[in-house]
Engineer: 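Here you go, one structure.
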Amino acid sequence: MDTTLASLVTNKRRVSALKSLGIVTVGDALTYYPFRVTEPVPLRAIREAAPGQQMAFAAVIRDMRVVPMNARRGYRLEAAVDDADFARSRRVPGSTARLTFFSYRKSYVDWVSMRLRAGTSVVVSGMPSEYMGQLQFTHPEILTVAPGSAGTGAGLEGYARGAASGNGAFAGSTDPYASAQSAYPPAAAAPSGAALKYDADTVQEALTRVCRPRPVYHASSRISSEHIHETILGLLWMMGARTSSTPDGQLAGAGSVDIVAPTTDTIAVQNGEEKSGTTAESGAEALSRSIPDVLPESVRKAKNLMHRAEAFLAIHDPASTARFKEAIETLRYEEAFVSQTSLLKARQHAHKSSAHPCPLNEALETARASVGEAAAEPSAQPGASERGAATNLPDLPNLRDRFIASLPFTLTAGQSQVVDDIAADLERDWPMQRLLQGEVGSGKTVVALAAMLQAVGAGYQAVLVAPTQVLAEQHYETISKMVSGLALAQPGAKETDAAADVEGAMGASSASTVSSSKVSAEIPVTLLTGGMKLAARRKALAAAASGEPGIIVATHAAFSKTFQAPHLALVVIDEQHRFGVEQRESLNAKTDDGTTPHLLVMTATPIPRTAAMTWFGDLDISWLTELPGGRKPIRTVVVNEADAATMGRMFAHIRARVDAGERAYIVCPRIDADDEENEGGSGVSSAAGSASGRAAASGSSARTAAGGRATRAAADAIGIDDPYETFDENGETVARPPLHAVAEIADRLQKLPQFQGIRFATLTGRDKDDVKTQVMADFVGGETPILVSTTVIEVGVDVKQASCIVIFDADRYGLSQLHQLRGRVGRGGTNSWAFLISRAEPGSPAEQRLEVIHHSLDGAEIAQADLEFRGAGDVLGDAQSGGKSSLKLLRVVKDADMIADARTRAEQLLAADPELADEVQLAGAVLDFTRGNETFLTSS
């Protein structure tokens, strides 16, 4: 399974085309699943043909001619066929039809001419039409049949005789492969000395081959679905499969069909390797030696699932659509079982690690309880309320509670509950692993800061990792202001200070005196980003390396080797989907005592509960569902870009809001409009397409990473994280209009009469850090009240005056990403609007998606719809971020029951065999899953 295709496939151009689809090894090829399977093609004689309905028949070429097309360059090849013998088997009169091919290439016409010589027996599959009163098949699929020993027509005549006697494979049967003996035979050679090779030995075999259901794969302009299928079948043949899979207990030859042996110009077949032959053990049985099962045998039998090898065979060479679906279900359950086993093992591992306990001061809790009791008794403290007494503890060393007491607002009930849950986790001596999910603006940062202050108060370091420079700087400024009034106990006096402070709170001494004499050090907050100047960066790194208690706010720089935090007790990761597991794990190595930091990951990307339980099964999950008071619902309007009148009214409305002192965002997915042609006109990341245009647009080279996907720098040029690629029935991507660019839209809008006298600013991921900071400052200050940007504003940007956001190409975004962008406005309590500019066709899926975001402000509901539109693999895998996703079939919403069953069985298995010592293949698959899913959740 790990063998590279480059060592097996002789056609290097094909190897390169497959690599562009992410297919590098045999395993990649076998898990490159078809997105649909064709229905069986019905057999019909020419007289039974119905225009527009697919059909297959056997015939003999009567004559053939090539006609140059005078009006335009190129050739038209016409072949007349007669199906008399085949029609006799179906008890209808024979007839004739015309096969027509067009091509500019003389070489192609010559090749078809050689195959369709007069007298050749052929099997034709295609869609009939009528032209000039005659039945015509344009570019049908043709299989040539080797001539029999009795003469040119013997193949068809023999077939007709067998069919007439009731022995033919297809006589009077609606199932065209009901009793076929072989459908994919080795290609038969012409008589000695002839160069021509035939596609099949018999008519019966050829008919079975064209009539069987065939898988259709997502293809590209470089390689067709048919060639992908041919390559995969060749690989299966090399791994031992000679026949397709058959139901258990059914011997090969009793309904099974042969896989065609690969030709030496396609697959590097070794000298002396057998190229034909069918035995009772040449199907899935032989293949299973090369492809061992991953699922435990007990689980597979209990669920009545196929063997893994059999499932691969039934997917890529299905005997029926039912067999194909059965195989898909098998591998879908395998994904569920492997993912759940992996997550359960991760949880096991975490509980075995050690972490720094960060207890809240026990003496303080006793004091707080005593103060509360005293406050309840009028004689003890006349006129004092319980809350008033509690807030008389501002200078005790419990930083968390002092911070909460200092806030100008009261925490919501949800925030208070999550703060307490996190506090309990931090007091344990094994690492917390918690996911905090909350709507945009639900107050996750306050909860995270409370947790960090608990760690700092216990004498340790805490790191907050943000995905962007802008967000990191914003967190740094916010946190610095919020902790500026707090102070940290001096090292070495912790225990005695605590006792003195409790006395002060109880009235034995002045709390303010204790504070000034014992608790004097400011809480250090350090900013560390990749864009800092060298001197500032070295200072920040030195502060972290000192091990002094404090808070460090960092970007990806926290994952670098130069960053060391020896007393790190808590890591908070903002927007989990931006960071990989390996990066997350690298922070564990930053401590000098072998402990694992507590981990709190936050996301505003809404995740349905079923999805969260599936994908974050190794984490405890907290939801913040309440929004702080004062926020008004955002009005969402979908605008057709072609509707000039509505667009004009929208711009006039934005001008009115700007004149009222408010701000507006204009979001475009592209940085600039360069190199549109290189992207096939779509402007969107494609699993199958070239990324050169994206690379150029981002100012980087046009090289792509393995799999033909763009590098991180190139991906930054386009802000759409899920392009919603559309495919035609052959699996090829459909070209769409180019995406709008920041520079283009900013230039157009400034020329509109609605914006005369208004200054615009632009912001993209390509801008330098100091430029980004200045642009945001000017936007907040009102010097440039309209900001045209890419999706760099998607996460965390908090401008209270922003009341309008316009999102161009909204029909090309994921729903949850639109929800994130929409959350950038309405944060100051004013009325706010989100305008979604769309070019979606009426009634299209894109229009249906926008209707969801139009009618709902519920992030969980939107995420659920997003999952259903896109499929779990797109949302939870990381294919679109340039990596290799281990989830390809599992649908988190639809397969919730399957996932729950798999988790239960995985728990039972791990209880009996925690290290999977008896399940070597499963253990390997679990390891591959963990490595393969370096991005646990892609931005949606």
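Values reported hereafter were calculated over all heavy atoms of this structure, with side chains retained and with hydrogens, waters and symmetry mates removed. As the structure is a computational prediction, the values presented were derived from the model and not from experiment.
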Engineer: Step by step, would you call Q433 with D620 a side-chain contact (heavy atoms from CB on, under 4.5 Å)?
Structural biologist: CA-CA 6 Å; Q433 288 193 293; D620 297 308; 5.7 Å; no
Engineer: Okay, side chain of E548, backbone of A545: is any donor-acceptor separation there less than 3.5 Å?
Structural biologist: no
Engineer: To the closest 0.5 Å, what do you measure between CD (Q921) and CG (L916)?
Structural biologist: 12.0 Å
Engineer: Between the side chains of R332 and E335, is the shortest nitrogen-to-carboxylate-oxygen separation below 4.0 Å, so that they form an ion pair?
Structural biologist: no
Engineer: Could you tell me whether R428 atom CZ has more than 12 heavy atoms of other residues or ligands within 6.0 Å of it?
Structural biologist: yes
Engineer: For K481, is there any backbone N or O sitting under 3.5 Å from a side-chain donor or acceptor partner on S484?
Structural biologist: yes
Engineer: Will you find, in the side chains of D895 and Y333, an N or O donor that is under 3.5 Å from an N or O acceptor?
Structural biologist: no
Engineer: Taking atom CZ of R434 and atom NE2 of H598, what is their separation to the nearest 0.5 Å?
Structural biologist: 12.0 Å
Engineer: Which heavy-atom pair separates A925 from V294 by the least distance, and what is that distance?
Structural biologist: CB-CG1, 3.7 Å
Engineer: Specify the closest pair of heavy atoms between G550 and V456, including all atoms of both residues, with the distance to one decimal.
Structural biologist: O-CG2, 3.6 Å
Engineer: Counting N and O atoms only, with roles assigned by atom type, does the side chain of Q454 sit under 3.5 Å from a partner on the main chain of C358, one being a donor and the other an acceptor?
Structural biologist: yes
Engineer: Closest approach of A423 and R400, non-hydrogen atoms and distance?
Structural biologist: CB-NH1, 3.2 Å
Engineer: Does A543 offer a backbone N or O that forms a donor-acceptor pair with the side chain of S546 under 3.5 Å?
Structural biologist: yes
Engineer: Please tell me whether Y460 and H356 form a close aromatic pair, meaning their ring centres lie under 6.0 Å apart.
Structural biologist: yes
Engineer: Measure the spacing between CZ of R402 and CG of L399 and express it to the nearest 0.5 Å.
Structural biologist: 5.0 Å
Engineer: I want to check something: taking the side chain as every heavy atom from C-beta on, are V525 and V483 in contact at a cut-off of under 4.5 Å?
Structural biologist: yes
Engineer: Is there a side-chain contact between P566 and Q461 in this structure, where contact means two heavy atoms from C-beta onward sitting under 4.5 Å apart?
Structural biologist: yes
Engineer: So, the side chain of T904 versus the backbone of A900: is there a donor-acceptor pair under 3.5 Å, distance only?
Structural biologist: yes
Engineer: Quick check: closest heavy atoms across A917 and V920, and the distance to 0.1 Å?
Structural biologist: O-CG2, 4.0 Å
Engineer: Can you find a side-chain donor-acceptor pair between T25 and D28 that sits under 3.5 Å?
Structural biologist: yes
Engineer: Check whether any side-chain N or O of E427 sits under 3.5 Å from a backbone N or O of P357 as a donor-acceptor pair, and report yes or no.
Structural biologist: no
Engineer: Got L890 and M898 here, is their nearest side-chain heavy-atom distance under 4.5 Å?
Structural biologist: yes
Engineer: Among V571, L570, V572, which residue satisfies the side-chain contact (heavy atoms from CB on, under 4.5 Å) criterion with L599?
Structural biologist: V571
Engineer: So, for R537 and A557, which heavy atoms are closest and what is the spacing to 0.1 Å?
Structural biologist: NH1-CB, 3.9 Å
Engineer: At their closest point, which heavy atom of A472 faces which heavy atom of T529, and how far apart are they?
Structural biologist: CB-CG2, 4.3 Å
Engineer: Charged N to carboxylate O under 4.0 angstrom, K444 versus D574?
Structural biologist: no
Engineer: May I ask you to test the F929-T341 pair for a side-chain heavy-atom distance under 4.5 Å?
Structural biologist: no
Engineer: For residues I573 and L600, determine if any side-chain heavy atom of one lies less than 4.5 Å from a side-chain heavy atom of the other.
Structural biologist: no
Engineer: Hey, are the side chains of R905 and K303 touching, using non-hydrogen atoms and a 4.5 Å cut-off?
Structural biologist: yes
Engineer: Under the side-chain contact (heavy atoms from CB on, under 4.5 Å) criterion, do D425 and W430 qualify, and how do the steps go?
Structural biologist: CA-CA 9 Å; D425 289 348; W430 72 82; over 6 Å; no
Engineer: Say you draw a straight line from OG of S298 to CD of E919; how long is it, rounded to the nearest 0.5 Å?
Structural biologist: 7.0 Å
Engineer: Do L922 and P296 have side chains that get closer than 4.5 Å, going by heavy atoms?
Structural biologist: yes
Engineer: To the nearest 0.5 Å, what is the distance between CG on L909 and CG on L344?
Structural biologist: 10.0 Å
Engineer: If you measure from OG1 on T595 to CG on D429, what distance do you get to the nearest 0.5 Å?
Structural biologist: 11.5 Å
Engineer: Does a donor on one side chain and an acceptor on the other come within less than 3.5 Å for Q469 and T555?
Structural biologist: no
Engineer: Does any non-hydrogen side-chain atom of I551 lie less than 4.5 Å from one of L449?
Structural biologist: yes
